[in-house]
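Only heavy atoms go into these numbers, but all of them, side chains included; no hydrogens, no water, no symmetry mates.
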Amino acid sequence: MPPMPFPSALLRLACLSGLLGVCAPALAEEVELELVLLADASGSIDRAETQFQREGYATAMTSPEVLGAIRQTAYGVIAVTYVEWASAGEEDVVVPWMRIDGPESAAAFAGAILDAPRRAFGRNAIGSALLTGRDLIEGNAYEGWRKVIDFSGDSANSWNGPPVEAARAEVLAAGITINGLAILCRDCSGRPGGGNLEQQYRDRIIGGPGAFVVTAESRDTFAAAVRRKLVLEIGGTHGGARFAGE
């Protein structure tokens with residue numbers, strides 16, 4: 001039998017390695033940032049508010065400020081997914097992982113956010129949402145220097161699913177930073193009269209090096225707050241390391 005051609009021999013060896021379970025996984029694409037956008041779709045958010053939130057994220061992602069921040073990253077590209085959270089197990093990946101490297105891909109991401117139906121419903125399950133974000137980061141096709149969950153909501157209460165404290169600890173142990181967008185008021189004038197949501201987010205939810213909270217005080221400021229938060233996250237800008245509970 002004539003000798004096996006060199007390329008074929010390599011292919012056969014690769015197949016044998018696969019059968020033995022020692023075949024290396026496909027290389028992940030390197031990016032500076034893997035970003036999970038976790039948007040509130042719980043019972044306090046009606047259909048119109050869900051669409052309003054999506055429009056805010058779509059507008060922010062395609063803004064010159066955010067596109068400029070993406071261009072300044074190490075590779076000029078980031079990986080992003082948009083997820084709506086509600087009850088445990090109701091988390092919905094509205095837009096799967098996409099690489100954003102300029103206006104065209106940002107516009108495609110924004111369009112996908114706006115076009116998808118709402119599929120997440122129920123009462124708050126913050127711990128379940130955070131663990132979903134971790135699983136999405138660990139199971140994607142990217143390898144980022146920085147891994148961030150961007151959590152937004154209008155309450156720090158959690159009514160079902162894993163405890164927030166335990167879930168947060170698991171996320172931080174995986175090397176993932178959690179930032180927060182505290183939505184204080186959609187349809188009122190000025191700040192709400194209830195508890196300090198920003199402080200609750202700092203104490204109970206955010207964590208990791210440079211973790212921060214950005215506040216959206218009203219409908220008029222929501223898109224600007226999202227844009228500011230994305231610029232900070234993409235640029236890796238923060239006021240020093242800060243951890244939840246500090």
To the nearest 0.5 angstrom, please state how far the [atom1] atom of [X] sits from the [atom2] atom of [Y].
X    : Y    : atom1 : atom2 : value
S152 : I183 : OG    : CD1   : 4.5 Å
F222 : T59  : CZ    : OG1   : 10.0 Å
I234 : L35  : CD1   : CG    : 7.0 Å
I205 : F151 : CD1   : CZ    : 4.5 Å

What are the two closest heavy atoms between [X] and [Y], and how far apart are they?
X    : Y    : value
G210 : N179 : O-OD1, 4.2 Å
V171 : L130 : CG2-O, 3.6 Å
L38  : A129 : CD1-O, 3.4 Å
I45  : R118 : O-NH1, 2.8 Å
A225 : L181 : CB-CD1, 4.0 Å
A223 : A60  : O-CB, 4.3 Å

Consider only side-chain N and O atoms of [X] and [Y], and report whether a donor and an acceptor are under 3.5 Å apart.
X    : Y    : answer
S44  : D154 : yes
E84  : T50  : no
S87  : R123 : no
Q53  : D40  : no
Q200 : N196 : no

Would you say the side chain of [Y] lies within less than 4.5 Å of the side chain of [X], judging by non-hydrogen atoms?
X    : Y    : result
M61  : V80  : yes
T81  : M98  : no
T62  : P103 : no
V66  : R227 : yes
D101 : I70  : no
F52  : D46  : no

Exercise. Parallel, tilted or perpendicular: which fits the ring planes of Y82 and F109, with parallel below 30° and perpendicular above 60°?
Worked result: perpendicular

For this session: Check whether more than 12 heavy atoms from other residues, nucleotides or ligands sit under 6.0 Å from atom CD of Q51, and answer yes or no.
Result: yes

Exercise. Residues in salt bridge (Lys or Arg N to Asp or Glu O under 4.0 Å) with R228, at least two apart?
Worked result: none

Exercise. W97 side chain to L136 main-chain N or O, any donor-acceptor pair under 3.5 Å?
Worked result: yes

Problem set entry | Electrostatic pair E32:R146 at N-O distance under 4.0 angstrom | yes

Exercise. With sequence neighbours left out, what residues match W145 under ring-ring contact (aromatic ring centres under 6.0 Å, His included)?
Worked result: Y75

For this session: May I have the step-by-step check of side chain to side chain donor-acceptor pair (under 3.5 Å) for S158 and N124, ending in yes or no?
Result: CA-CA 5 Å; S158 190; N124 294 21; over 6 Å; no

Problem set entry | Working for side-chain contact (heavy atoms from CB on, under 4.5 Å), residues I149 and I137 | CA-CA 9 Å; I149 291 174; I137 286 175; 4.2 Å; yes

